[in-house]
Amino acid sequence: QVQLVESGGGLVQAGGSLRLSCAVSGRASNMYAMGWFRQASGKEREFVAAIRKNGAGTYYADSVKGRFTISRDNAKNTVLLQMNRLKPEDTAVYYCAADWNWAQVSIQPDYWGQGTQVTVSS
């Protein structure tokens with residue numbers, strides 16, 4: 001089992017950047033595929049990005065491809081989401097997620113953080 005704690009959310013103007021961080025703890029935490037999801041007010045939670053346990057592969061939603069970058073530092077048990085060229089439609093609560101199975105991490109991961117709010121003003 002792993003525990004996930006997000007940080008780094010906040011208010012930013014359109015076109016700006018933010019970097020979200022997810023602190024990962026628990027047994028074999030670096031053996032999990034990691035992902036980010038988001039949920040805007042009144043909408044369903046949606047997948048944003050995922051990264052394999054060794055960091056060798058990544059996967060992005062079309063809506064963020066080319067603007068967001070997911071990375072991980074297993075030595076520091078941290079997963080990052082660098083968000084550039086932010087748009088008002090990126091406004092949402094962002095959640096860190098983990099799953100043992102790469103195929104599941106972008107669909108229905110087993111573990112979730114508590115979320116961090118990102119607000120992009122126009």
Side-chain angles (χ1 to χ4, degrees):
Q1 187 165 351
V2 293
Q3 294 78 44
L4 310 174
V5 179
E6 303 94 335
S7 61
L11 173 65
V12 64
Q13 288 188 332
S17 299
L18 275 177
R19 187 175 73 171
L20 303 183
S21 181
C22 176
V24 186
S25 60
R27 292 185 63 184
S29 57
N30 62 354
M31 296 299 290
Y32 286 80
M34 301 296 300
W36 288 93
F37 286 71
R38 66 187 181 187
Q39 187 168 19
S41 180
K43 296 187 177 181
E44 293 187 354
R45 191 175 298 186
E46 64 174 3
F47 167 74
V48 174
I51 188 166
R52 289 186 178 271
K53 62 183 181 182
N54 59 5
T58 57
Y59 175 50
Y60 296 93
D62 288 343
S63 58
V64 306
K65 202 173 294 182
R67 299 188 298 123
F68 291 11
T69 302
I70 187 171
S71 62
R72 68 190 298 166
D73 184 338
N74 286 340
K76 295 182 178 179
N77 293 323
T78 301
V79 179
L80 302 175
L81 184 68
Q82 178 66 42
M83 306 185 293
N84 298 328
R85 305 200 313 274
L86 282 160
K87 305 175 182 179
E89 51 264 44
D90 294 318
T91 294
V93 177
Y94 282 71
Y95 297 89
C96 181
D99 200 284
W100 190 263
N101 189 332
W102 169 248
Q104 278 296 112
V105 74
S106 62
I107 301 173
Q108 188 61 48
D110 284 338
Y111 303 101
W112 296 89
Q114 82 289 351
T116 186
Q117 177 70 46
V118 171
T119 303
V120 184
S121 63
S122 56

Looking only at heavy atoms, what is the nearest atom pair of [X] and [Y], with distance?
{"X": "Lys43", "Y": "Gln39", "answer": "O-NE2, 3.0 Å"}
{"X": "Pro109", "Y": "Ala98", "answer": "CB-O, 3.5 Å"}
{"X": "Val93", "Y": "Gln117", "answer": "CG2-OE1, 3.2 Å"}
{"X": "Tyr94", "Y": "Val48", "answer": "CE2-CG2, 4.4 Å"}
{"X": "Ala97", "Y": "Val105", "answer": "O-CG2, 4.4 Å"}
{"X": "Cys22", "Y": "Met34", "answer": "SG-CE, 4.3 Å"}

On the 0 to 90° scale, with breaks at 30° and 60°, tag the Tyr32-Trp100 ring pair as parallel, tilted or perpendicular.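 Taking Trp100 first and then Tyr32, their aromatic rings stand perpendicular (interplane angle over 60°).
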
With rounding to the nearest 0.5 angstrom, report the [atom1] to [atom2] distance, [X] to [Y].
{"X": "Gln108", "Y": "Phe47", "atom1": "CD", "atom2": "CZ", "result": "13.0 Å"}
{"X": "Thr58", "Y": "Lys65", "atom1": "OG1", "atom2": "NZ", "result": "9.5 Å"}
{"X": "Glu46", "Y": "Arg38", "atom1": "CD", "atom2": "CZ", "result": "4.5 Å"}
{"X": "Gln82", "Y": "Ser21", "atom1": "CD", "atom2": "OG", "result": "11.5 Å"}
{"X": "Ser29", "Y": "Lys53", "atom1": "OG", "atom2": "NZ", "result": "12.5 Å"}
{"X": "Asn54", "Y": "Met31", "atom1": "CG", "atom2": "CE", "result": "9.5 Å"}

Would you say Gln13 has more than 12 foreign heavy atoms packed within less than 6.0 Å of its CD?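 Result for CD/Gln13: open.
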
Indicate, with yes or no, if [Y] and [X] share a hydrophobic cluster defined by side-chain heavy-atom contacts under 4.5 Å among Ile, Leu, Val, Met, Phe, Trp and Tyr.
{"X": "Met83", "Y": "Leu80", "value": "no"}
{"X": "Val79", "Y": "Leu20", "value": "yes"}
{"X": "Phe37", "Y": "Leu18", "value": "no"}
{"X": "Tyr95", "Y": "Phe68", "value": "no"}
{"X": "Val5", "Y": "Val2", "value": "no"}

Flag the pair Asp90 and Lys87 as a salt bridge only when some basic side-chain nitrogen lies within less than 4.0 angstrom of an acidic carboxylate oxygen. no

Side-chain donor/acceptor of [X] to backbone N/O of [Y], under 3.5 Å:
{"X": "Tyr60", "Y": "Ile70", "result": "yes"}
{"X": "Arg52", "Y": "Gly57", "result": "no"}
{"X": "Thr91", "Y": "Val120", "result": "yes"}
{"X": "Asp99", "Y": "Asp110", "result": "yes"}
{"X": "Glu6", "Y": "Cys96", "result": "yes"}

